[in-house]
Amino acid sequence: MTHTLLESEAPHDPLALFTSWYEAAKPLATGEPTAMTLATADAAGRPSARIVLLKEYGAEGFVFFTNYGSRKSAELEANPHAALLFWWPAAGRQVRVEGRIEKISPAKSDAYFATRPRRSQIGAWASEQSRVIPDRATLDARFQRFEQEFPADVSRPPHWGGYRVIPESIEFWQNHIDRLHDRLRYRQVDNGWIIERLNP
């Protein structure tokens, strides 16, 4: 039986609870435990969502990387707020993060880009993400062109880098077989975080 998540037992810092849940989910995951749904909205409020990968998290927020020319980036420029959803089915847990967003520094984007496999680096140059393309052959030709352009080290494209979601609320959801699920929400206030229990 799932252990009930009690307010009295929850750590004051939501990142401590996130780390505990994340580390517990990793050995149980059949897929990618860093996968998270990223929800954005355009200037008119029309939403869209897609899966991205968590690459770093800490007191400053949750970091992912993408093409700055993509649809998601255009929406984040128009409306710099986002929501993240982590779903770990084997653990029966999900975490929702909502907050404002900012680009990380070019130096940090450079550092992460340098760790990527060479083909992924070249792919970042070859893909004009979210734009219409005539066919697969066009993409393959662009990849080959950049592969020749970078015979050795591949520099980071100026149109590629990281974003950080700076949380204003983090909700922890835990499954119960009677559907009386636990939902604890950490909400940021002037002097830190408050913990609130939500009805399932």
Side-chain angles (χ1 to χ4, degrees), residues 18 22 25-26 28-58 60-90 94-167:
F18 179 85
Y22 175 57
K26 284 198 291 188
L28 301 176
T30 55
E32 175 52 74
T34 67
M36 56 187 184
T37 300
L38 166 67
T40 58
D42 63 17
R46 292 183 293 259
S48 64
R50 76 289 290 157
I51 300 294
V52 297
L53 299 181
L54 176 69
K55 293 300 181 182
E56 176 187 323
Y57 73 92
E60 294 183 337
F62 297 77
V63 175
F64 64 93
F65 292 85
T66 190
N67 187 310
Y68 287 147
S70 65
R71 176 182 175 181
K72 70 177 81 66
S73 294
E75 292 178 348
L76 291 171
E77 291 299 318
N79 183 358
H81 296 83
L84 303 173
L85 172 63
F86 296 88
W87 168 229
W88 299 308
Q94 62 179 319
V95 179
R96 300 170 62 187
V97 180
E98 298 177 11
R100 58 188 176 88
I101 198 153
E102 66 180 15
K103 285 182 178 178
I104 68 172
S105 70
K108 288 189 175 183
S109 289
D110 287 342
Y112 173 70
F113 188 80
T115 70
R116 302 187 90 205
R118 174 177 169 79
R119 290 182 64 84
S120 295
Q121 292 175 333
I122 294 171
W125 280 97
S127 173
E128 297 180 319
Q129 195 174 103
S130 301
R131 297 183 185 179
V132 175
I133 192 169
D135 49 39
R136 175 68 192 214
T138 301
L139 179 61
D140 290 341
R142 283 180 58 83
F143 185 92
Q144 291 171 9
R145 176 164 70 86
F146 284 108
E147 195 170 31
Q148 294 170 1
E149 188 171 323
F150 295 102
D153 293 340
V154 183
S155 61
R156 178 179 63 88
H159 58 259
W160 190 97
Y163 284 104
R164 177 184 292 109
V165 178
I166 303 166

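Since the structure is predicted, the reported quantities are computational estimates derived from the model, not experimental observations. This chain uses plain numbering: 1 for the first residue, then up along the sequence.
The distance from the NE2 atom of H159 to the OG atom of S73 is 10.5 Å, given to the nearest 0.5 Å. Atom CD of E149 sits about 10.0 Å away from atom CD1 of I122, to the nearest 0.5 Å. To the nearest 0.5 Å, atoms OG (S109) and CD1 (I104) are separated by 3.5 Å. For the atom pair CG of L53 and OG1 of T34, the computed distance is 4.0 Å after rounding to the nearest 0.5 Å. In this structure, CD on Q144 lies 10.0 Å from CG on L139, to the nearest 0.5 angstrom. To the nearest 0.5 Å, the span separating CG on L38 from CG on L84 amounts to 6.0 Å.
Taking the six-membered ring where the residue is Trp, W88 and Y22 present tilted rings, their angle falling between 30° and 60°.
For the pair S127 (side chain) and A124 (backbone), a donor-acceptor distance under 3.5 Å is absent. The backbone N or O of S70 sits nowhere less than 3.5 Å from a side-chain atom of S130 that would complete a donor-acceptor pair. Y68 contributes a side-chain N or O that, together with a main-chain N or O of G162, makes up a donor-acceptor pair within less than 3.5 Å.
Annotation: side chain of R156 is not in contact with side chain of Q121 (no heavy-atom distance under 4.5 Å). In this structure the side chain of V165 reaches within 4.5 angstrom of the side chain of F64, judged on heavy atoms. Contact annotation: the side chain of F86 never approaches that of Q94 to less than 4.5 Å [non-hydrogen atoms, C-beta and beyond].
Within 6.0 Å of the CZ atom in R118, the count of heavy atoms belonging to other residues, nucleotides or ligands exceeds 12. Heavy atoms from other residues, nucleotides or ligands lying under 6.0 Å from CG of D135 number more than 12.
Between F65 and Y163, the ring centre distance reaches or exceeds 6.0 Å.
For the side-chain hydrogen bond (donor to acceptor under 3.5 Å, both in side chains) test with T40, the passing option among K72, R71, R50 is R50; the others fail. For the ring pair (Phe, Tyr, Trp, His ring centres under 6.0 Å) with W125, the lone residue among W160, F150, F143, F113 that qualifies is F150. With F62 as reference, L54 is the one residue of I166, L54, I101 to meet the side chain to side chain contact (heavy atoms under 4.5 Å, CB included) rule.
A salt bridge is defined here as a Lys NZ or Arg NE, NH1 or NH2 lying under 4.0 Å from an Asp or Glu carboxylate O, and E98 with R96 meets this definition.
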